[in-house]
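Here's the structure we're looking at; comments come further down.
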Amino acid sequence: MSVMEDLIAKYFRPGRLPHIWCPGCGNGVITGAIVKAIDKQGLAKDDVAIISGIGCSSRSSGYLDFNTANTLHGRALPIATGVKMGNPKLNVIVCSGDGDCTAIGGNHLIHAARRNIDLTLVVYNNSIYGMTGGQYSPMTPKGSKATTAPYATIEPSFNLLALAQAAGATYVARGTTYHVPQLVDVIAKGIAHKGFSIIEVVSACPISFGRQNKMGGPAQMMMWQRDHGVLKAVWDRMDEEKKAEAIAAGKFPIGVLYENNDVQEYTAAYDEIIKRAQEGK
Amino acid sequence: MSLKIITKRCKGCGICAAFCPKKVLAVSEIGKVEAVAEENCIKCGQCEMRCPDYAILLDK
Amino acid sequence: MSRILLLQGNQAVVEGAIAAGVKFYGGYPITPSTEIAEQLALRLPQVGGKFMQTEDEIAGLGTVIGASMAGKKAMTATSGPGFSLKQEMLGLACIAEIPCVIVNVQRVGPATGQPTSPAQGEVMQTRWGTHGDHWLITISPSSVPECFELTLRAVALSEKYRCPVILLMDEVIGHMREKIELPDNYDEIPQAERKMPTCAPEEYLAYGCEDGSKVPAMAPFGSGYRWHVTGLVHDETGFPKGTGAATKESQDRLRTKLTDNLDDIVQVENYRMEDAEFAVVAFGGAARTAYEAVDMARAEGLKVGFVRPITIWPFAEKQMQDLAGKVKGILVHELNCGQYVLEVERAVAGKVPVSLFAKYDNESATPAELLAEIKKAMA
C-alpha cells in the first residue's frame, strides 16, 4: 500500500473517485494535502467538519468522509461559523475557491477573520471561475484574458493574504500545488492554530485559465508555480530591491507568512460571555 | 511492482511524467499514463505527490 | 408558578425561543424586528446559548443553518429587506432539510419602504421567495401571548418536519404590548426532539427515512454519523444525483412530507362562526381589527363571523372550501394590495363572492372601517 492509498482508504468516501475535476486541475492535489494535514494532526474523522461553498473547489467536501457540507456560492464561512458555534469541539475546515471566497463571499471572509473564529480556510486559488467556464475573479492577475475579459482584465487583483491579515486573521499562509510537503505543513499548522487561519493555495486551472492565457498544459503551469513560489526563509533574506524585482517578476513567498497566538479566539471569548451572563455580571 | 497506476482515475494530464526525474513515466496514445522504464524508478514519490487524480501510487 | 408581564410581541418571541430550547441566534439588526436580537443577546447566554450579530442578513441565516447542522435549535429574525436577502439560505434549508426558524416582522415595502409602519406584503414572498419549487411552513400570531406560543410551535414544527418555519409577524404584532402570563420556569415545557437515526453510523442514509416516514432522521455533526449536506438535488444517500427521476423523487418527498400532514400543520381559528352567514378572513395584525368589527356587526344583528388562519402556508385549502359551503360571502382583510385573497378565491372557486378590504397606507384599519366594508360586501 502506498501512503496516498492508505489515506484514500481512510479518509475518502468509498466509490466516489475518480473526481469530477479536469485533467491537471490542482483541486485534487489540494484536497489530498488537506487529508494529509488532517492525518498529520491525528484528528478523528467524527471531529472534523469540511464546509465548502460552490464552484469546482467546493466539490471537494463530497469526496471526504467527515461531517461535510457543500453549501451555497460564497456562503461557506457563515455556515462554518454556525457549525463551530454549535459545536466548538469540531475542527472546521472551509474549502473555497478564489471566486467563492473573495468575490461573492468577500464580506463573510473579512468578518470571519475579524472575529478570529477558529476556522481553517483553504482558498483554492486558480485565478479564474472554472465551473462556469473561465470568467475573471478578483484573484485573476490584471491583464489576463478571461471569457468575460476578452481584451484582458483591467481590474487589479486582491492581495488576499494582506486583506485577511488586515481584517484580523491570526494565521496567514500560502502554498502551491507544486510544493506539496510544504502545503501539507502549512495546512496542518493552520488546523492546529486556535483562531482564524487562511491558507491561500496557488493552483492551476489548465482548461479555463491556462488555455486562454497561453500558459501551456498542466505540467507547464505547475512548473510556473515551482519557478514563482519562493520559500519564506529565502524571501526574507532578500533585500527590498530584490523583493521588488521578485514581485515585478510575479514571484510570491510561500510558507507561514504571519501568525499571532495572542488574540483570543471567538468561541472561547463567547464561553466567557456565557459565564458572565450566568453569574449575572 | 513499486508503481501502481490506477488507469480508471488517470486523466492523462502528464504532470507525473513531466516531473519524473528518471523519465519512468509517459502518457500513452490513449491519454493514460504508463511506466515505460520502471527499472529506472528511484521511488522519489514526486509522481504520487503531485498527481491530481490519485491515479499513481508508490508502494511503501 | 407563573408571572404576569406586559410585553411586546417581539419580547414574547424571545421568551418563546428560550422556552423552546433555542440555543443559537444569528442575525442582523433591522426595524421592526431588532428587539428580538437585542433581547436574545441578553437572554441566550443566560441559558448557555449563543447569540451572534452577523455581518449581513445572509450570514444571519447561514450561521443558523450551520448551528442547526451541529444539533442546536436555531433561529433568526428579520424584516422586509432582510427577508429578501435571506431567500437564498431559505432555499438551502428547504432542500437540505435543515430545521430553522425565521421570524419576519413585516413592514411596508418594497425596498426600504416604511420601516416603522405595519404591512403584510410578504404573504406571497414567504411562500415563493426563494427560487425553485419548495415547501415550508408559515405561521402567523395575532397577539402577544400567541407570539410566545407560536414561537414554541415554530420550533417544534421545524424540528418535526425538518423544514424552515417562518413566523410571519407584522409591525403591529411585533411592537404591540399586551398582558402575557408566562411560566416562571420553562423546564416543564415539552421540548421538540429532533429525530435521531437508530441504525449504526455505517448504515446511516442521511435522507433515507428508515422509519418509513417522509422525514429523515438527522444526526448532528460530530455525533459519529458522518454525512453530507448539499444544496444540489440528491438522493437518499445525500450525495448529488442528476437524473430526472431523482429530482422528481426529491420534490415529491419534500412536498408530501408536509401535504400528508395538513391536519397536524394547518391551524385555523373560528370566531363567532356557529351561525355566521358571512365571514371575514384576516390574520396577524389585521386580525385585531376583525375581532372588534365582527363584535360590532353582531351587536347590530348581522350574522358575521371571523375565520383566522394561524397557519398561512401550507394554505388552509380545506378550511376555506368548507367555509364557502357555510356562508354566503367572504371578505378578506389584509394589510397589502391583496395577496392572501388570491388563494382564498382559488379555493372558493366562485362558490360564493369573495371581496377584499386591502389596507396599505401605513396604518391598521379601524374596526369601524372594516365594519363598513363588511356591510358593503354583504349588501
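Residue numbering restarts at 1 for every chain, and letters A, B, ... go by the order of the sequence lines. Since the structure is predicted, the reported quantities are computational estimates derived from the model, not experimental observations. All heavy atoms count here, side chains included; hydrogens, waters and symmetry mates do not.
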task = First locate atom CG of D53(B), then atom CG of L17(A), and finally report the distance between them rounded to the nearest 0.5 Å.
result = 9.0 Å
query = Relative to chain B, which segment of M221(A) carries a heavy atom at a distance below 4.5 Å: side chain, backbone, both, or neither?
reply = neither
remark   = Checking heavy-atom separations under 4.5 Å from chain A, one finds in residues 42-50 of chain B E48(B), M49(B), R50(B)
message = As an exercise, state the distance from CD1 of I6(B) to CD of E5(A), rounded to the nearest 0.5 Å.
response = 5.5 Å
message = Let's go through Y54(B) and V29(A) carefully: what are the C-alpha distance in whole Å and the side-chain angles of both, what is the deciding distance for side-chain contact (heavy atoms from CB on, under 4.5 Å) to 0.1 Å, and is it a yes or a no?
response = CA-CA 8 Å; Y54(B) 324 122; V29(A) 177; over 6 Å; no
message = Does atom NZ (K32(B)) have a neighbourhood of more than 12 heavy atoms from anything else shown, all under 6.0 Å?
response = yes
query = Is it the backbone or the side chain of L183(A) that comes under 4.5 Å from a heavy atom of chain B, or both, or neither?
reply = neither
inquiry  = Within residues 8-20 of chain B, which residues come under 4.5 Å of chain A, heavy atom to heavy atom?
reply    = K8(B), R9(B), K11(B), C13(B), G14(B), I15(B), A18(B), F19(B)
remark   = If one checks every heavy atom of F12(A) against chain B at 4.5 Å, the contacting part turns out to be side chain
